[in-house]
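Heads up, the thing below is written out as structure tokens.
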Amino acid sequence: MSNTDASDDRLDSLLDRLTIDEKLRLIRGGVDPEERATGYVPGIDRLDVPALSLVDGPMGVRAGTATGFPASIALAASWDPDLAREAGRALGIEAREKGQDVVLAPGMNLLRVPQCGRAFEYYSEDPHLTSRLAVGTIEGIQSAGAIATAKHFVANSQEERRFHVDHRIDERPLRELYLRAFEASVREADAGMVMAAYNGVNGDPMTENERLLTGVLREEWGFEGVVVSDWWAATDGPRAIEAGLDLEMPGMPVSEWHLSESNPITRLIDAIPYWGWLPRQTLARLLMTPWLPDHANPNLFDASHFDRPVREALDAGRLDERVVDRSVRRLLVTMDRFGVLDDDRPEPAAGDHATLARRIARRGTVLLDNDGVLPLDDPDSIAMIGPNVDRAKVGGGGSSAVDAASTTDPLGGVRDRAGAETRVTVEQGHESFETATMGASPFDGLDFGGEGAGGRIDDAVAAASEADVAVVVVQDNATEGEDRPLWLPGEQDQLVSRVATAAEQCVVVVRSAGPIAMPWADSVDAILACWYPGQADGRALADVLFGDCDPGGRLPATFGRRPADYPATDPAAYPGIDDVVSHEEGLAIGYRHFQSADVEPLYPFGHGHSYADFAYGDVSVDEETVEVTVENTADRSGREVVQVYLDPRDRSVERPPRELAGFEAIELGAGESRTVAIDLPDRAGAVYDPDAGAWAWPDDRFEVVVGRSVTDERGRAEVRLRR
Ligand code: BGC
């Protein structure tokens with residue numbers, strides 16, 4: 001008997017011995033006695049089934065203090081799946097060290113609209129780049145013996161009314177864009193869990209979307225793991241379980257979640273006399289509803305759909321117990337596969353995660369513009385300016401927020417690195433921000449533009465004019481739960497413009513969740529995009545500013561000149577009308593849109609300067625491997641990201657003018673050259689044929705375009721692709 005047969009038999013016998021009550025306890029969340037987990041499935045002691053603990057999230061483990069990694073979009077800006085693997089492994093190790101079994105990451109929704117409030121938690125506007133990063137991260141998490149969760153399945157591309165909206169997406173963009181990273185997560189990385197999103201797709205909420213949860217995810221892709229709901233996403237237990245949802249989270253109303261004496265919600269409820277005739281849940285609903293913002297989850301007090309409603313459906317014969325067994329089995333299979341069932345897992349091996357966080361922050365930093373001021377050449381004085389120049393930017397608001405044990409801020413990082421010869425002054429020039437938290441407007445209570453704003457800017461201008469270089473650190477303040485404006489909050493644009501005029505040299509450091517408007521871009525000397533750099537913020541910034549490392553990043557998303565230049569600007573497309581989001585733009589998101597609409601971006605997808613210079617040789621294609629020799633012609637080392645795009649020569653069907661098909665990041669010493677070989681993926685050149693329900697190659701003539709960005713072409717060659 002093989003191992004698999006033996007474990008199949010064991011799981012079958014376990015399933016046979018579980019009572020219906022026990023089964024129902026295994027498919028919905030319960031109370032974590034330690035109050036650490038984000039989600040918790042109590043075990044069944046009688047049968048030695050251990051509990052399962054699930055924890056957020058993509059930028060660090062959200063249970064006590066943990067390493068505050070750079071935002072996922074910063075990781076994506078590294079264009080480095082191996083680095084993602086290291087980051088994932090570190091997340092997995094820290095989760096395991098904290099007694100957690102499942103990591104609720106990575107998030108892999110596409111940046112369909114730059115306003116997406118969780119842009120910092122996702123990777124890119126491009127499905128290929130997203131897939132590579134997602135696969136790396138999942139493999140890393142799972143290599144540490146933790147279970148990864150591909151989220152949020154699927155099309156959760158906006159926070160605005162995310163609990164209500166239904167995304168209407170044609171089959172081609174669904175397959176060619178939005179499903180791709182999930183497919184790779186299942187087929188290539190063998191993710192143990194998938195999280196069903198809040199939103200609906202083509203008429204059905206994702207927690208009840210049988211076509212996608214069962215038809216596509218399981219039957220087509222062969223997913224054998226667990227589909228978990230997003231928190232309070234399930235609204236109809238019997239329909240959801242039938243459609244393919246396995247685990248309802250958190251399985252209890254918000255008033256009982258993380259039930260502890262110190263919980264303010266609990267304290268509030270406990271302070272009220274408790275009338276037996278008024279259920280606690282109803283009381284909580286009455287008390288709390290008036291205080292919740294209208295974009296709050298409407299299901300916070302509805303739980304648990306996998307308990308009584310499923311039981312009633314079973315009793316009434318509307319639901320077959322085998323459907324419940326199916327989900328219980330998937331949970332047990334997954335716990336068994338990862339060694340949770342027998343607590344038979346590799347010991348988490350400690351690593352130097354602080355150094356890793358710094359390495360990712362450096363590699364994710366994108367040098368958008370540079371008139372030659374960078375790297376800094378031992379200036380006598382530097383003026384450090386910006387509302388939060390003395391605070392590290394660790395994560396955004398919401399479920400991915402991390403409590404980092406130690407941080408370095410830009411001012412501290414630059415002071416440490418500059419040395420005694422350089423005078424570093426500081427003038428914030430602007431009121432500082434608290435990091436946004438979910439449910440509260442990030443800008444509540446801030447007196448932007450009020451009395452004193454002009455005075456603070458004057459002080460910053462004075463400091464800038466007295467220094468050799470002014471470094472202005474600006475930022476947005478995004479949070480899960482709401483979408484983000486595309487302009488910097490407060491008076492920061494004015495601050496930058498005025499400092500740029502006064503300073504001899506002005507470097508702007510942008511810490512943002514994603515693309516942001518930069519009306520001052522042409523009047524400053526250098527711009528660095530650092531995203532949310534995490535705990536190593538200041539240190540990594542100093543590494544790049546002083547040239548101790550190359551700014552390794554390239555843009556994972558297009559920066560447009562104006563908000564109107566982006567796709568989906570029609571209200572029907574974003575944020576939707578009457579809770580219907582029509583994907584009118586079809587395949588034309590991100591650079592696909594900028595290219596097909598012939599709109600010149602401010603900074604194109606894939607863009608980023610190095611401190612070195614690179615020369616590209618001729619491009620050749622052998623079978624389906626693209627080869628090009630790249631030489632570092634500078635007198636210093638540098639990191640280059642070689643990008644391969646495909647241009648169709650014929651278009652018998654609608655196609656974007658250009659699509660990313662491969663990439664490779666390389667480090668080259670001064671004068672060094674290397675031949676890079678990049679394999680085209682199996683589906684290169686294919687489109688999804690909705691009638692046939694399969695991938696197809698209606699055209700076979702393509703040009704392979706090698707570039708430093710989607711618009712900075714360095715060579716091309718012809719290729720025929722058909723399978
Ligand atoms: C988020 C998920 C997260 C969950 C648990 C939800 O609000 O959408 O990404 O994992 O909360 O914190």
Side-chain angles (χ1 to χ4, degrees), residues 70-71 73-79 111 114 119-120 124-126 129 361-376 386 393 410 469-476 486-488 492-493 495-497 499-500 503 505-533 537 540-541 543-547 549-563 565-566 590-591 594 599-614 638-641 643 665 707-712:
I73 194 168
L75 183 61
S78 74
W79 292 57
L111 302 189
F120 60 92
S124 168
E125 66 191 22
D126 179 79
L129 181 57
R362 290 153 69 142
R363 287 224 179 138
T365 299
V366 186
L367 179 58
L368 293 174
D369 249 323
N370 187 15
D371 294 353
V373 55
L374 295 181
L376 295 175
K393 181 72 184 115
V469 184
V471 175
V472 192
V473 181
V474 291
Q475 68 174 86
D476 71 354
L486 293 183
W487 48 90
L488 292 171
Q492 295 184 90
D493 285 333
L495 173 68
V496 174
S497 301
V499 168
Q505 291 185 303
C506 178
V507 177
V508 182
V509 175
V510 182
R511 301 187 295 188
S512 71
I516 202 92
M518 299 181 181
W520 32 260
D522 293 337
S523 55
V524 302
D525 299 288
I527 307 174
L528 285 168
C530 303
W531 320 105
Y532 294 165
D537 186 338
L541 175 63
D543 291 339
V544 173
L545 286 174
F546 289 88
C549 70
D550 205 27
R554 302 292 184 267
L555 286 183
T558 310
F559 278 47
R561 286 186 186 277
R562 288 169 294 270
D565 289 350
Y566 289 96
Y591 66 85
F594 281 84
V599 177
E600 198 194 329
L602 179 59
Y603 299 111
F605 176 82
H607 168 77
H609 295 289
S610 160
Y611 291 149
D613 295 307
F614 302 98
R639 179 174 194 267
E640 178 66 323
V641 179
Q643 301 164 37
R708 299 201 67 244
S709 77
V710 70
T711 58
D712 185 355

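Quick note: residue numbers are just sequence positions, from 1.
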Nearest 0.5 Å, what's the CZ-CD distance between Arg561 and Glu600?
5.0 Å

Between the side chain of Thr365 and the main-chain N/O of Ala361, is any donor-acceptor distance below 3.5 Å?
yes

Run the numbers on Asp493 and Trp487 for side chain to side chain donor-acceptor pair (under 3.5 Å), then give the verdict.
CA-CA 8 Å; Asp493 285 333; Trp487 48 90; over 6 Å; no

Spacing of Leu367 atom CG and Cys530 atom SG [to the nearest 0.5 Å]
10.0 Å

Which residues share a ring-ring contact (aromatic ring centres under 6.0 Å, His included) with Trp79, sequence neighbours left out
Phe605, Phe663

Between CG on residue Leu541 and CG on residue Leu528, distance to nearest 0.5 Å
6.5 Å

Between Cys549 and Val544, is there a side-chain heavy-atom distance shorter than 4.5 Å?
yes

Do the side chains of Val507 and Val472 get nearer than 4.5 Å, heavy atoms only?
no

Could you give the distance from CZ (Arg554) to NE2 (His609), rounded to the nearest 0.5 Å?
9.5 Å

Would you call the rings of Tyr532 and Phe120 parallel, tilted or perpendicular if under 30° counts as parallel and over 60° as perpendicular?
tilted

Measuring only between side-chain heavy atoms, which start at C-beta, is Val474 closer than 4.5 Å to Val508?
yes

For Ala74 versus Pro70, what's the shortest heavy-atom pair and its separation?
CB-CB, 3.8 Å

Within-4.5 Å side-chain heavy-atom neighbours: Gln643 and Val710:
no

Side chain proximity check, Phe594 to Thr711, heavy atoms < 4.5 angstrom
no

Please walk me through it: do Asp550 and Ser610 pass side chain to side chain donor-acceptor pair (under 3.5 Å)?
CA-CA 6 Å; Asp550 205 27; Ser610 160; 2.6 Å; yes

Could you grab the distance from atom CG of Leu486 to atom CD1 of Ile516, nearest 0.5 Å is fine?
6.5 Å

For residues Asp476 and Ser512, report the shortest heavy-atom separation together with the two atoms involved.
OD1-CA, 3.2 Å

Ala526 to Asn370 - nearest heavy-atom pair and separation:
CB-OD1, 4.0 Å

When you compare the side chain of Met518 with that of Val510, does any pair of heavy atoms fall below 4.5 Å?
yes

Least distance between heavy atoms, Phe614 atom then Gly638 atom
CZ-C, 3.9 Å

Go through the side-chain N and O atoms of Asp369 and Tyr603 and say whether any donor and acceptor fall under 3.5 Å apart.
yes

Judged by atom type as modelled, is there a donor-acceptor pair below 3.5 Å linking the side chain of Trp520 to the main-chain atoms of Ala500?
no

Partners meeting side-chain contact (heavy atoms from CB on, under 4.5 Å) with Ala557 (sequence neighbours left out)
Leu111, Glu125, Pro515

Derivation of the side-chain contact (heavy atoms from CB on, under 4.5 Å) call for Leu602 and Asp565:
CA-CA 10 Å; Leu602 179 59; Asp565 289 350; over 6 Å; no

Minimum-distance pair of heavy atoms, taken over all atoms of Val524 and Asp371
O-OD2, 3.7 Å

d(Tyr591 OH, Ser124 OG) to nearest 0.5 Å is 8.0 Å

Can you find a pair of side-chain heavy atoms, one from His607 and one from Arg708, that are under 4.5 Å apart?
no

Sequence neighbours excluded - salt bridge (Lys or Arg N to Asp or Glu O under 4.0 Å) pairs with any residue from residues 505-529:
Arg511-Asp537

Are any non-hydrogen side-chain atoms of Phe546 and Leu374 less than 4.5 angstrom apart?
no

Can you name the nearest heavy-atom pair linking Leu495 to Gly386, along with the distance?
CD2-CA, 4.4 Å

